Peer 1: 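Would you mind keeping the following structure in view while I ask a few things?
Just so it is clear, the structure is predicted and the values come from calculations on it, not from any experiment. The basis for the numbers below is simple: all heavy atoms, side chains too, and nothing from hydrogens, waters or symmetry mates.
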Amino acid sequence: MTDPRALFQSDLYVRHNARRLEHLASLGLDLTGRSVLELGAGIGDHSVFYLDRGCTVTAIEPRPENVEVLRERMRELPGVWNPERLRVVEARVEDLDRIDGLGQFDVVHCYGLLY
C-alpha cells in the first residue's frame, strides 16, 4: 500500500490543490458556520478550508489509508483540525444511505471526486 502523502503532498498536487481552493474562495459564497458534507475527502485538505470558516464538516472517504492520514493530521494539529466540528467517516459515496445519523447539510462539497 502506498502512503497517501506521496500523492497528496507532492509538489504537483499541492499546486493543483491550491488553485482549486483559490477558485472555491473566489466564488464569494457565504460559508461561515455552515454544515458541510465533504465527499471524497482524501487526507482532508479541503476540510480545513471549511473548518477555518467555522463550519462543521462530515468528511466521507472510502480509502482506509487516506482516513488514517486524515485522523493522524487531526491528532497532530488539534487547533486546526477541531474534532468537535469534524466527523470523519470511512465509507463510499454509494453507501451514504447506510451511515447512521448523517442528517442534512447546508453544503455538499464534491470537488474533484469524479475525475
Peer 1: Please indicate whether Glu84 has more than 12 foreign heavy atoms, meaning atoms of other residues, nucleotides or ligands, lying under 6.0 Å from its CD.
Peer 2: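 Not buried by this count: 12 neighbours or fewer within 6.0 Å.
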Peer 1: Under a plain distance cut-off of 3.5 Å, with no hydrogens placed, do His109 and Tyr50 share a side-chain donor-acceptor pair?
Peer 2: yes
Peer 1: Within this structure, what is the CZ-CZ distance for the pair Arg92 and Arg98, rounded to the nearest 0.5 Å?
Peer 2: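 Reported to 0.5 Å precision, the distance equals 7.5 Å.
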Peer 1: How long is the span from the CG atom in Asn17 to the OG atom in Ser10, to the nearest 0.5 Å?
Peer 2: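 Nearest 0.5 Å value for the CG-OG distance: 10.0 Å.
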Peer 1: Got Val69 and Asp3 here, is their nearest side-chain heavy-atom distance under 4.5 Å?
Peer 2: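 With C-beta onward as the side chain, the pair touches.
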Peer 1: Is Asp97 close to Leu102 at the side-chain level, that is, under 4.5 Å between some pair of heavy atoms?
Peer 2: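 A side-chain contact is absent here, since even the closest heavy-atom pair is not under 4.5 Å.
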Peer 1: Output side-chain donor-acceptor pairs under 3.5 Å for residues 28-38, partner residues at least two apart or in another chain, one line each.
Peer 2:
from	atom 1	to	atom 2	distance (Å)
Asp30	OD2	Arg34	NH2	3.2
Arg34	NE	Asp30	O	3.0
Arg34	NH2	Asp30	O	3.4
Ser35	OG	Asp106	N	3.0
Ser35	OG	Asp106	OD2	3.2
Glu38	OE1	Ser47	OG	2.5

Peer 1: Between CE of Met74 and CG of Leu51, what distance do you get to the nearest 0.5 Å?
Peer 2: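 The CG atom of Leu51 is 8.5 Å from CE of Met74, to the nearest 0.5 Å.
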Peer 1: Using modelled atom types and a 3.5 Å cut-off, is there a donor and acceptor pairing between side-chain atoms of Arg71 and backbone atoms of Val88?
Peer 2: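 Side chain of Arg71 to backbone of Val88: a pair is present.
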Peer 1: In terms of heavy-atom contacts, does CG of Leu27 have more than 12 from other residues, nucleotides or ligands at under 6.0 Å?
Peer 2: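 Enclosed.
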Peer 1: Salt bridge or not for Arg73 and Glu76, using N-O below 4.0 Å?
Peer 2: no
Peer 1: Rounded to the nearest 0.5 Å, how far apart are CG of Leu77 and CD of Glu72?
Peer 2: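 Between atom CG of Leu77 and atom CD of Glu72 there are 10.5 Å.
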Peer 1: Is any side-chain heavy atom of Arg19 closer than 4.5 Å to one of His23?
Peer 2: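 His23 does not reach Arg19 side chain to side chain.
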Peer 1: What distance separates Glu90 CD from Asn66 CG, expressed to the nearest 0.5 Å?
Peer 2: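 These two atoms lie 9.5 Å from each other.
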Peer 1: Using 0.5 Å steps for rounding, measure from the CG atom of Asp45 to the OH atom of Tyr111.
Peer 2: 13.5 Å
Peer 1: Would you say the side-chain atoms of Arg63 pair up with the backbone N or O of Gly42, donor to acceptor, closer than 3.5 Å?
Peer 2: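 Not a single qualifying donor-acceptor pair exists.
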Peer 1: Is there a path of hydrophobic side-chain contacts, each under 4.5 Å between heavy atoms of I/L/V/M/F/W/Y residues, joining Ile99 to Phe105?
Peer 2: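 Hydrophobic grouping puts Phe105 with Ile99.
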Peer 1: Find out if a path of hydrophobic residues (ILVMFWY) with successive side-chain heavy-atom gaps under 4.5 Å connects Leu70 to Leu21.
Peer 2: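 Yes.
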